[in-house]
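Because the structure is predicted, anything quoted here is derived from the model rather than measured.
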Amino acid sequence: MSKVDSESKFDYDVLVVGVGGMGSAATHHLAARGVDVLGLERYDVPHAMGSSHGVTRIIRKAYHEHPDYVPLLNRAYELWDDLEAQHDQALLHTHGSLALGRPDSETVTGAQEACQTHSLEYERLDAAEINKRFPGFDLPDDFVGIYQPEGGFLWSEQCIVAQVNATHRKGGTIHARERVTEWEATDESVRVVTDRDTYTAKKLVIAAGAWAPKVLPELADVLQPQRQVLGWFQPAAPVNFRPESMPVYVVERDEDDLYYGFPQFHVPGVKVGKHYHFGEDVDPDEMAREPQDEDEVALREWLDHGLPSANGPPMALSTCLYTNTPDKEFIIDHHPTYDNVIVACGFSGHGFKFSSVVGEILADLAINDETDHPIERFAADRF
């Protein structure tokens, strides 16, 4: 019997606020361990109001942000494979990843460092080699790339569906379209009030995405939601942008000018995004969600210079959200005041790929109050 289910006076063992990428994985891992869990989501499951929609999310082991992320990625890959085996759709598509930029750019040097630190297979390619091998690209002569064959993308909405289906199979409960209005905790219990009901439990996991600053006012000063826009554009030569023909990529054109992109998948266009877009801080309840002409122009700026044959008519534009911390790293920790409240937030635009292992970590913290995974760099008190 798990530690959290020893108190029968509660409605549930654990409550999870937010059933997006992180929350759905948490409910899955909790239910799989026999925990009586309820996940609460204010919108549909899945939905297009937060940070996990838009069809695809990059996954890559050549992690330029820091080599410390690679052990978590190794476990994330294992868990995605496990989840995919339970689902009727392929979730993880591995056709390689490229970290692109000038030789001294942090994206290139960081990706190579991660590969070398963890003995990952990789190739360092010059622009001519990249353009020849992956003819969708037309990179400047002074660019290089780190190619890592295990990179690829996740079908993000289907990942959430799969996590929720797995939760249901193991006896967990999910309530969509039910908004949390307040919560409170003592050393022994938590109480969550929604617009429909009130629930009690011994433990609470908060994975509220861009709404985390509102649900967690204690952390609001270090959590900033930011508007992000994704675009899909018709390619001139679609054969060059199939998953088997084009890896996912991150490209550093100049310092603080990063783009990322995907092959064509389930939308009749090639997907591109600008990392941190315009740096536009927003309130997720009041932001302008309809993409504007200037959003499209910003995305085409990269296509025009590095992926010109994908710079065709727009097929779709979609607004989503980052929730950034000051150092652009995650927060995965116990609440600053309550040990029986666990928080997962501030994923700063690069978290979804980790959601499978974050769910495992959140289950560890909720059940055992600790985890064997290396999460020291994600402590809530580091600021």
inquiry  = Regarding Asp257 and Trp302, do their side chains bring together a donor and an acceptor under 3.5 Å, going by distance alone?
reply    = no
key: Donor-acceptor pair, side chain of Ser51 and main chain of Leu321, under 3.5 angstrom   = yes
key: Cation over ring face, Lys202 and Phe10, 6.0 Å, 45°   = no
task = Sequence neighbours left out, what passes side-chain hydrogen bond (donor to acceptor under 3.5 Å, both in side chains) with His277? Give chain and number order.
result = Asp295
query = Among all residues two or more places apart in sequence or in another chain, which pass the side chain to side chain contact (heavy atoms under 4.5 Å, CB included) test with Ala25?
reply = Gln163
ask   = Can you tell me if Glu84 uses its side chain to pair, donor with acceptor, with the backbone of Leu92 under 3.5 Å?
value = yes
task = Measure across Leu230 and Gly273 and return the closest heavy-atom pair with its distance rounded to 0.1 Å.
result = CD2-CA, 4.5 Å
remark   = Checking Arg33, Lys203, Arg75 against Asp364 for salt bridge (Lys or Arg N to Asp or Glu O under 4.0 Å), the one that qualifies is Arg33
message = Could you work out, with side-chain hydrogen bond (donor to acceptor under 3.5 Å, both in side chains) as the rule, every residue matching Arg242, not counting sequence neighbours?
response = none
query = When you measure from the side chain of Arg227 to the backbone N and O of Arg289, does any donor-acceptor pair fall under 3.5 Å?
reply = no
message = Assess the residue pair His64 and Val250 against the criterion (side chain to side chain contact (heavy atoms under 4.5 Å, CB included)); give the C-alpha distance rounded to whole Å, side-chain angles, the decisive distance to 0.1 Å, and a yes or no.
response = CA-CA 10 Å; His64 68 263; Val250 179; 4.0 Å; yes
task = Report yes if the side chains of Cys345 and Leu219 come closer than 4.5 Å at any heavy-atom pair, otherwise no.
result = yes
Aromatic centroids of Tyr249 and Phe262 separated by under 6.0 Å = no
message = For a 4.5 angstrom cut-off between non-hydrogen side-chain atoms, does His373 reach Val357?
response = yes
inquiry  = Is it true that Thr186 and Ser189 share a donor-acceptor pair across their side chains at a distance under 3.5 Å?
reply    = yes
inquiry  = If you define the side chain from C-beta out and look only at heavy atoms, does anything of Thr56 sit under 4.5 Å from His266?
reply    = no
Interatomic spacing from CG in Asp304 to CG in Leu299 - rounded to 0.5 Å = 12.5 Å
Nearest-0.5 Å distance that lies between atom CG in Asn131 and atom CG in Leu139 = 4.5 Å
query = With sequence neighbours excluded, what pairs up with Gln264 under the side-chain hydrogen bond (donor to acceptor under 3.5 Å, both in side chains) test?
reply = none
request  = Check Arg60, Glu123, Lys61, Gln112 against Gln148 for a side-chain contact (heavy atoms from CB on, under 4.5 Å) and give me the one that passes.
outcome  = Lys61
task = Side-chain contact test, heavy atoms from C-beta onward, threshold under 4.5 Å: evaluate it for Ser318 versus His53 and give yes or no.
result = yes
Qualifying residues under side chain to side chain contact (heavy atoms under 4.5 Å, CB included), relative to Glu178, sequence neighbours excluded = Leu40, His175, Thr194, Asp195, Arg196, Asp197, Tyr199
message = Restricting to ring pair (Phe, Tyr, Trp, His ring centres under 6.0 Å), what partner residues turn up for Phe143, sequence neighbours left out?
response = none
Side-chain (Arg300) to main-chain (Gly312) donor-acceptor, under 3.5 angstrom = yes
ask   = Out of curiosity, Leu303 CG to Asp138 CG, how far, rounded to the nearest 0.5 Å?
value = 12.0 Å
request  = Determine whether Cys159 and Glu157 make a side-chain contact, defined as any pair of heavy atoms from C-beta on separated by less than 4.5 Å.
outcome  = no
query = Sub-3.5 Å donor-acceptor pair from the side chain of Ser245 to the main-chain atoms of Val239, do we have one?
reply = yes
key: Partners passing ring pair (Phe, Tyr, Trp, His ring centres under 6.0 Å) against His87 (at least two apart in sequence or in another chain)   = none
query = Nearest heavy-atom pair of Ala26 and Leu362: which atoms, and what distance?
reply = CB-CD1, 3.9 Å
Side chain Asp283, main chain Asp285, donor-acceptor under 3.5 Å = yes
key: Thr200: side-chain hydrogen bond (donor to acceptor under 3.5 Å, both in side chains) partners, not counting sequence neighbours   = Asp11
inquiry  = Contact between Trp183 and Arg191 at the side-chain level, heavy atoms closer than 4.5 Å - yes or no?
reply    = no
ask   = Do the rings of Phe354 and Phe330 sit parallel, tilted or perpendicular, given the 30° and 60° boundaries?
value = perpendicular
task = Output the distance between atom OG1 (Thr107) and atom CD (Glu255), rounded to the nearest 0.5 Å.
result = 10.5 Å
inquiry  = Any carboxylate oxygen within less than 4.0 angstrom of a Lys/Arg side-chain nitrogen, looking at Lys170 and Asp36?
reply    = no
request  = For the pair His275 (side chain) and Asp256 (backbone), establish whether a donor and an acceptor sit closer than 3.5 Å, ignoring hydrogens and angles.
outcome  = no
message = Strictly below 4.0 Å, N to O, side chains only: are Asp254 and Arg102 in salt-bridge contact?
response = yes
Note: Lys274-Glu301 ion pair, threshold 4.0 Å (strictly below) = no
task = Answer yes when Arg133 and Glu129 have at least one side-chain N-carboxylate O distance shorter than 4.0 Å, and no when they do not.
result = no
task = Determine whether more than 12 heavy atoms belonging to other residues, nucleotides or ligands lie under 6.0 Å from atom CG of Asp293.
result = no
ask   = For His93, which of Trp80, Trp155, Phe265 qualifies under ring-ring contact (aromatic ring centres under 6.0 Å, His included)?
value = Phe265
task = Output the rest of the hydrophobic cluster of Val144: all Ile, Leu, Val, Met, Phe, Trp and Tyr residues reachable through side-chain heavy-atom contacts under 4.5 Å, sorted by chain and number.
result = Val108, Tyr122, Ile146
query = What's the spacing between Ser355 OG and Leu83 CG if we round to 0.5 Å?
reply = 9.0 Å
query = Is a side-chain donor or acceptor of Gln292 paired with a backbone partner of Glu290 at a separation under 3.5 angstrom?
reply = yes
ask   = Counting only heavy atoms not in Asp142, do more than 12 fall under 6.0 Å of its CG?
value = yes
message = Does any part of the side chain of Ser156, heavy atoms only, come nearer than 4.5 Å to the side chain of Val55, both counted from C-beta?
response = no
task = Name all pairs fulfilling the side chain to side chain donor-acceptor pair (under 3.5 Å) condition that reach into residues 228-237, sequence neighbours left out, sorted by first residue then second.
result = Gln228-Tyr260, Gln228-Tyr322
key: Side chains of Leu223 and Asn324 in contact at under 4.5 Å (non-hydrogen atoms)   = no
query = Any sub-3.5 Å donor-acceptor pair from Glu41's side-chain atoms to Val19's backbone N or O?
reply = yes
Side chain to side chain donor-acceptor pair (under 3.5 Å): pairs with one or both residues in residues 326-338, sequence neighbours excluded = Tyr69-Glu329, Glu218-His335, Thr325-Asp327, Asp327-Arg382, Glu329-Arg377
message = Checking Phe241 now: which residues fulfil ring pair (Phe, Tyr, Trp, His ring centres under 6.0 Å) with it, not counting sequence neighbours?
response = none
message = A quick test of your reading: do over 12 heavy atoms of other residues, nucleotides or ligands sit less than 6.0 Å from CG of Asp141?
response = no
message = Using modelled atom types and a 3.5 Å cut-off, is there a donor and acceptor pairing between side-chain atoms of Thr117 and backbone atoms of Ala114?
response = no
key: Atom pair OG1 (Thr27) and CG (Leu15), whose distance is rounded to the nearest 0.5 Å   = 12.0 Å
